[in-house]
2 protein chains.
Amino acid sequence: MSESTEEPGPHEPSLDEQIAAYQREFRDLDPQVEQVVSALGRLNRRMNVAYGRQVAALGISNAEWEVLKTLVLSGAPYRLGPGELAKRLGLTPAAMTHRVDRMAAEGLVTRDRDENNRVRVIVELTDVGRTKWLEAMRMASDFEEDLLQDLSGDERGVLGELLVRLLRRVEHAQPDAGGRLTDLD
Amino acid sequence: MSESTEEPGPHEPSLDEQIAAYQREFRDLDPQVEQVVSALGRLNRRMNVAYGRQVAALGISNAEWEVLKTLVLSGAPYRLGPGELAKRLGLTPAAMTHRVDRMAAEGLVTRDRDENNRVRVIVELTDVGRTKWLEAMRMASDFEEDLLQDLSGDERGVLGELLVRLLRRVEHAQPDAGGRLTDLD
DNA sequence: CCTTCTAAGTTTAGTGCTAAAGTCTTCGAG
DNA sequence: CTCGAAGACTTTAGCACTAAACTTAGAAGG
């Protein structure tokens, strides 16, 4: 193959190239908005890959780590029902049944019927699970500190505050204010 | 059931409650870092749900929309191989084979062998696909504008710039600088 | 009581993904 | 020229998820 133009082979666009390309194809695009949204999306994808690798080193999956986090967040004695777990993680109850199966088999949680209301099930963090969570948390917080390394304290504060404002807008969208953000849950 | 303490039923923690709970369980946590990271994660989850609903109204899935976006980003004549698509979307080539099957059946793309190199396949956007992309893009950019409604132009600029700096840190991590961010691709 | 209703989980069928093995084309070396 | 190796998909087996049907326990009414 000796073409004069040696097939360059397409390359993954940088963020700036991406925004420029979208503007070519779609005039009405606000580049400032697109920068925020695209950077958010890319950042999150990269971070999730990184988290996955970190917790994999501890022998758990990202999915399992999410469950551990949710149980710890509920506070001692670290108990929640499968339905509640499913709701908080955005899964169906059916999926949580199987996740809890796997995690119980690995000893990260126990699964028992509630004695006071025998239709309910209680998923409870074991000591092993709590230790795994702690190890994962240490790795995650090191990673996060590293991620924000280039930002000053002031910048971190500003970034956090701006993100929280976006989050508020998306969480309790006020439809009466003409907002287009309908219920998201 | 007339217990004195009417089983409150656990509730989904707000962002502030979440950070406070983590601090109780894990002393070394920097709340400022955690605010940024947790807000990022929540925001992204909500946004993905919202995007999914929007494009579902157009009769396509979030997965299909991602493929349409990638093809449009590649510029005219909107052609890429399944392998390249898979790499950019973080999927295996096998998954892309099936996605392209479905999208070709719906008329969003065509799939043909490259005549110059018959081991290669070319996925090309159809006019129908391009139109779908445009419709989805209009909905998405309206949604994004709405999301950023509460931020001034200056604030949008600052937010974009800060996010881009984080993205740079995570994309070309400089391991020689003592960074802990190892290769993420 | 005995039925009906509702809530909480589980089970089943089907979809979309990954990992690994397989196919087919092209390239390079003897 | 022929064989072997590499590259670019596709196929297969298995897993995790969703939607919808099913099971069972407790609550409400007649």
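Quantities reported herein were computed from a predicted structural model and do not represent experimental measurements. Heavy atoms only: backbone and side chains are in, while hydrogens, waters and symmetry mates are out. Residue numbers start from 1 in every chain, and the chains themselves are labelled A, B, ... in the order their sequence lines are given, proteins ahead of strands.
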* May I have the distance from B:Asp101 (atom CG) to C:dG16 (atom P), rounded to whole angstrom? => 11 Å
* To do: Mind calculating the distance between CZ (A:Arg99) and P (C:dT11) to the nearest angstrom?
  => 18 Å
* To do: Using heavy atoms and a sub-4.0 Å distance, could you list which residues of residues 55-80 of chain B are near DNA chain C? By number, please.
  => none
Quick check for you: among [options], whose closest atom lies nearest to any side-chain atom of [X]?
X: A:Arg120; options: C:dG9, C:dA19, D:dC9; answer: C:dG9
X: A:Val121; options: C:dT26, D:dT11, C:dG9; answer: C:dG9
X: A:Pro82; options: D:dA19, D:dT10, C:dG9; answer: C:dG9
X: A:Val119; options: C:dT10, D:dA25, D:dC9; answer: D:dA25

* Residues in side chain to side chain donor-acceptor pair (under 3.5 Å) with B:Arg111, at least two apart? -> B:Asp101
* Comparing A:Ala95 and A:Glu115 on DNA chain D - which has the more 5′ nearest nucleotide -> A:Ala95
* To do: Could you pick out which residue, A:His98 or A:Arg118, lies toward the 5' side of DNA chain D when each is mapped onto its nearest nucleotide?
  => A:His98
* Does some side-chain heavy atom of B:Leu29 sit less than 4.5 Å from a side-chain heavy atom of A:Met137? -> yes
* Below 4.5 Å, heavy atoms only, C-beta onward: do A:Ser141 and B:Val33 meet side chain to side chain? -> no
* Have A:Gln18 and A:Arg42 got a donor and an acceptor in their side chains that come within less than 3.5 Å? -> yes
* Is there a donor-acceptor contact under 3.5 Å linking the side chains of A:Glu25 and B:Tyr78? -> yes
Counting only side-chain N and O atoms of [X], is one of them less than 4.0 Å from OP1 or OP2 of [N]?
X: B:Arg113; N: C:dT25; result: no
X: A:Arg111; N: C:dT10; result: yes
X: B:Arg102; N: C:dC17; result: yes

* Asked: Are B:Glu12 and A:Arg88 within salt-bridge range, i.e. N to O under 4.0 Å?
  -> no
* Asked: Does a salt bridge link B:Arg102 with B:Glu64, judged by any charged N lying under 4.0 Å from a carboxylate O?
  -> no
